[in-house]
Amino acid sequence: LESVRAARGLADHFSQVETPTLLAATVSILLDLQSQAYVVTQVLPAIPPAQRDLGKWESTLAMTVQGPAEFGRLMRGEWNVTTRQYLMPMLMDVEDPRYPKDPAALIDYHAASHVRVIDASSDASPAGWATHALPSMLSGTSHLSRQSEELVSTFFVGADAWSRGLRRAQSQTAMVQAAFSLMKGEPLPVDPIHGQPYQWDPATRTLSAPATAEFSDIRLEPIVVPR
């Protein structure tokens, strides 16, 4: 328990800060998912059922399924970090031969693009992922200089992939929560994003993602639920 608490504390150092970034949040997510997997596949099977305090282990993992608003929070942090550490320092060097001729337009576009994504990612409910869609962060750049367009494309590389990765992590965490429900003898909940039933094989005690198109592309690993 102490080791898992420490691992979760490390994860929080990356994500529970005033200006989180997508990269730091990815490290945090990986630490959390690895902690969940370690507890379910290694720790709990080694503890006799009568001696397991499932509530304590569950509270230590502190699992929360977050909605798209978490992506909006991360993008707000991205704005603060990229502007302070990259964009503004570059625009201070007016002697750079590649200095954009439209710095004000570049700053305005950079800010407006983040605002659009943050506004589109305001739903705190896990079900919000079912309809979550990011507006294009690279549209409407015809008024920018070539140098500014290149900078914009660099700042927003992979935003869609980051969003999909965060959504996948929520689905994986929800499955671990469902596994705890089974271990506690509670009814098996449905997936909190699409409201679809999980696949449960009581003979092998294998819990799998819903067999629907919404889950076909995220490839969630099945969970063997400890007896």
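Predicted model only: the values in this text are computed from it and were never measured.
- Across every non-hydrogen atom of Val65 and Gln177, the tightest pair is CG2-OE1, 3.2 Å.
- Taken from CE in Met63 to CD in Glu58, the straight-line distance is 5.0 Å, to the nearest 0.5 Å.
- Clustering ILVMFWY residues whenever any of their side-chain heavy atoms sit less than 4.5 angstrom apart, transitively, puts Met175 in a cluster other than the one holding Val224.
- Contacts classified as ring pair (Phe, Tyr, Trp, His ring centres under 6.0 Å) and involving residues 176-227 (residues at least two apart or in different chains) are given here: His194-Phe215.
- To the nearest 0.5 Å, atoms CD (Glu149) and CG (Leu106) are separated by 10.5 Å.
- The line from CH2 of Trp79 to CZ of Arg84 is 11.0 Å long, rounded to the nearest 0.5 Å.
- The line from CG of Leu151 to CD1 of Ile107 is 11.0 Å long, rounded to the nearest 0.5 Å.
- Checked by atom type and distance alone, the side chain of Thr19 never pairs as donor or acceptor with a backbone atom of Gly77 at under 3.5 Å.
- For Lys101, the NZ atom counts as loosely surrounded, since its 6.0 Å shell holds 12 or fewer non-hydrogen atoms of other residues, nucleotides or ligands.
- A donor and an acceptor atom, one from each side chain of Arg168 and Ser171, are nowhere located under 3.5 Å apart.
- Leu30 and Val40 fall into different hydrophobic clusters, defined by Ile, Leu, Val, Met, Phe, Trp and Tyr side-chain heavy atoms under 4.5 Å apart, directly or through other members.
- Of the possible polar contacts, none joining the Arg116 side chain to the Pro135 backbone as a donor-acceptor pair under 3.5 Å is found.
- Pairing each heavy atom of Thr83 with each of Pro89, the nearest pair is O-CD, 3.9 Å.
- For the pair Asp96/Met90, no side-chain contact is recorded, criterion being any heavy-atom separation below 4.5 Å from C-beta on.
- A distance-only check finds no donor-acceptor pair linking the side chain of Thr64 to the backbone of Gln66 [under 3.5 Å].
- Using a 4.5 Å heavy-atom threshold, the side chains of Thr26 and Trp162 count as touching.
- The residues Arg8 and Asp12 are annotated as salt-bridged, a charged nitrogen and a carboxylate oxygen being separated by less than 4.0 angstrom.
- Atoms OG and CG, from Ser121 and Asp123 in turn, are 9.5 Å apart once rounded to the nearest 0.5 Å.
- Taking each heavy atom of Ala105 and His143 in turn, the nearest pair found is CB-CD2, 4.4 Å.
- The environment of CD in Glu186 is crowded: more than 12 heavy-atom neighbours from other residues, nucleotides or ligands sit within 6.0 Å.
- In this structure, Gln170 and Trp129 have side chains that are in contact, with non-hydrogen atoms separated by less than 4.5 Å.
- In terms of heavy-atom proximity, Gly128 sits nearest to Pro68 at C-CG, 3.5 Å.
- Remark: side-chain polar atoms of Gln199 are not paired, donor with acceptor, to backbone N or O of Ser208 under 3.5 angstrom.
- Hydrophobic clustering (side-chain heavy atoms under 4.5 Å, transitive across Ile, Leu, Val, Met, Phe, Trp, Tyr) groups Met88 together with Met75.
- At least one side-chain heavy atom of Gln51 sits less than 4.5 Å from a side-chain heavy atom of Pro48.
- Its side chain within the 4.5 Å cluster rule, Phe14 clusters with Leu10, Val27, Leu31 among the Ile, Leu, Val, Met, Phe, Trp and Tyr residues.
- Within the 4.5 Å cutoff, the side chain of Val117 has heavy atoms near those of the Leu134 side chain.
- For the residue pair Leu44 and Pro226, the shortest heavy atom distance occurs at CB-CG, 4.1 Å.
- Classification of the His132-Phe71 ring pair by plane angle, with boundaries at 30° and 60°, yields perpendicular.
- Gln172 places no side-chain N or O within donor-acceptor distance of the main-chain N or O of Leu33, the cut-off being under 3.5 Å.
- Ser59 contributes a side-chain N or O that, together with a main-chain N or O of Lys56, makes up a donor-acceptor pair within less than 3.5 Å.
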Walk me through whether Asp201 and Thr206 qualify under side-chain hydrogen bond (donor to acceptor under 3.5 Å, both in side chains). CA-CA 5 Å; Asp201 184 343; Thr206 301; 5.6 Å; no
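- In this structure, Tyr99 places its OH atom where more than 12 heavy-atom neighbours from other residues, nucleotides or ligands lie under 6.0 Å away.
- Not a single salt bridge (charged side-chain N to carboxylate O under 4.0 Å, His left out) links Glu214 to another residue, sequence neighbours left out.
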How far apart are the C-alpha atoms of Arg5 and Glu2, what are their side-chain angles, what is the distance that settles it, and do they pass the salt bridge (charged side-chain N to carboxylate O under 4.0 Å, His left out) test? CA-CA 5 Å; Arg5 288 192 190 103; Glu2 184 177 352; over 6 Å; no
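- In this structure the side chain of Met183 reaches within 4.5 angstrom of the side chain of Val225, judged on heavy atoms.
- Side-chain atoms of Val176 and Val39, non-hydrogen and from C-beta on, never get closer than 4.5 Å to each other.
- Side-chain atoms of Arg167 and Ser163 include no donor-acceptor pair closer than 3.5 Å.
- At distances below 3.5 Å, at least one donor-acceptor pair connects side-chain atoms of Asn80 with backbone N or O atoms of Arg76.
- No chain of hydrophobic side-chain contacts below 4.5 Å, direct or via other Ile, Leu, Val, Met, Phe, Trp or Tyr residues, connects Val190 to Ile223.
- Between Ile193 and Pro126 the shortest heavy-atom distance is CG1-O, 3.5 Å.
- Cluster membership for Val81 and Leu74, using ILVMFWY side-chain heavy atoms within less than 4.5 angstrom, is not shared.
- In this structure, Asp102 contributes its side chain and Ser145 its backbone to a donor-acceptor pair below 3.5 Å.
- At distances below 3.5 Å, at least one donor-acceptor pair connects side-chain atoms of Ser153 with backbone N or O atoms of Glu150.
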